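None of the values given here were measured: they were computed from a predicted structure. Atoms within each ligand, like the ligands themselves, are counted from 1 in listed order.
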Amino acid sequence: MHDTLLLFGATGDLAQRYLFPSLLRLMGDGLLPEGFRVRALALSPHDTDKFRGILRERFASLSHYTPTAEQVEAFLERVDYRSVDMRTPASVADAVRDLADRPCVSYLSIPPGLYMSTCEGLALGGAFAAPSRLMLEKPIGADLASAREINATIGRLIDEDRIFRIDHYLGKAAVQNLLALRFGNALLEAVWNRNYIDSVHILVSESEGVDGRNSYYARSGALRDMVQSHILQLLCLVAMEPPASLEADRIRDEKVKVLRALRPFCAKEARRHSVRGRYTAGTINGEPVQAYSPPDDSDVETFVGVTAHIDNWRWAGVPFHLCTGKRMADRSTVVTVTLKPVTHWLFERPDRSNAVPNRLTFRLQPQEDIELGLMSSLAGPEWGTLELQPLELELSSETGQNRRIAYERLFLDAFHGNHALFVRNDEVEAAWAWIDSVVDAWREDNSPLQPYPAGSWGPEDATVFLPERFDAVARPS
Ligand code: BG6
């Protein structure tokens, strides 16, 4: 098994908050290979002692895991640090050459603008020789053209079957459960098409703001940051055809077909089928928070609602409402599938004013549960009448407690060479192709940025993009 990790961007937020803590826990659980070691690489002129001190402090403040002092020291002994200028391939090559005879996994947690020079340096330093591997954080580029350039350049240096593109949502157990539920249950598969499904909502709301990531976010915004990756991945899992097997490429083939079937967005639909927003000052959990003001006064959005259509046999005519935002009222990742009404209504109130459509809600975050909304008379009608009332069936499990956090799972899969939870080059490009159509439509339409107070459910015009329950909260009566 690959035993050497070259971690670029080691001083960054992602590495400090998630990557190193994940590795520490994997090591504590005995899941890393015998001679495992990490070379941490970043621009800061630290030495190994200083960097170990930074990690020691970081590990002391973990909230989800309390390692022992011995575990921390045993881990730190395996970490060394090199300062590197990732704009210069020769600097990268010098920083890794002494490890090139070991099977390495290089992990790039750095801005995509540095991917190509860093990979050239890794190839030059011998760190791409087979069987070495490469893990790439999202975003791969900022549009289709830059994604293609990155994929093509890196593809000339290392084979696709040794590249692991990360979308950490795929590492979340609750997200994988979408596959289990869809393809493990005849009940769902039978109704999973345009004949029975009226609409799908996918919401990823966050209460956190842009905070320390201003320079990245001001160039990215919610559409590129969240929809291009996590939300389109969720959409693929909901909409894909059953793969022939769970082999990585069979799953990825089906996801690509969904992305390629997305109808390009166009300017004349922009106002009706999308909303862009940016948070103003407000209150979250009783605490005042400031408005988002990007550094260069850029036009970037922190909220997006957009309706996608998948032009294929299964989904023709079914709207997929996608929505995400920062500084919203709550943190929630929810997929809601609303079914069409029954064809003929037998019950009280022929106008169907008491009818609520069947709705299947998969809540993925913060807690994991599934809710099925049915109509029933169980609530006890008077004798002689049969009046229906909505009934919610709730299924929740405790398994969440023992589940590995996404990055632990993804590290293990990459070390073992399992690609199923990683994104292939053509998937990334197909996702960017659709995102580019939204960006172009907004530009052509001059779509305005709508303000929403921090702590709300987004701009007033955005309720159609929210699943029904959130919609009700957003619209005070
Ligand atoms: C990242 C985005 O990919 O995902 C962030 O860049 C976002 O802006 C984060 O906050 C959300 O991840 P999670 O796992 O907290 O839902």
Going by atom type alone, with no hydrogens or angles, which donor-acceptor pairs under 3.5 Å involve a side-chain atom of residues 105-117 and a protein atom two or more places apart or on another chain?
residue: Tyr107; atom: OH; partner: Glu137; partner atom: OE2; Å: 2.8
residue: Tyr115; atom: OH; partner: Glu137; partner atom: O; Å: 2.5
residue: Ser117; atom: OG; partner: Met86; partner atom: O; Å: 2.7
residue: Ser117; atom: OG; partner: Leu114; partner atom: O; Å: 3.4

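- Look at Arg363 and Glu368 and you find no salt bridge, because none of the NZ, NE, NH1 or NH2 atoms lies under 4.0 Å from a carboxylate O.
- Here Arg424 does not pair with Glu427 in a salt bridge; the nearest charged N to carboxylate O distance is not below 4.0 Å.
- Ion pairing of Arg327 with Glu206 is absent here, as no side-chain N (NZ or NE/NH1/NH2) approaches a carboxylate O to less than 4.0 Å.
- Residue pairs satisfying the side chain to side chain donor-acceptor pair (under 3.5 Å) criterion with at least one member in residues 438-449, sequence neighbours excluded, are listed as follows: Arg271-Asp445, Ser274-Trp442, Asp440-Arg443, Asp445-Ser447.
- Near ligand 1, residues Lys138, His168, Tyr169, Lys172, Glu206, Arg213, Asp225, Met226, His230, Lys326, Arg331, Gln365 come within 4.0 angstrom through at least one heavy atom.
- When the salt bridge (Lys or Arg N to Asp or Glu O under 4.0 Å) test is applied to Glu269, no partner is found at least two apart in sequence or on another chain.
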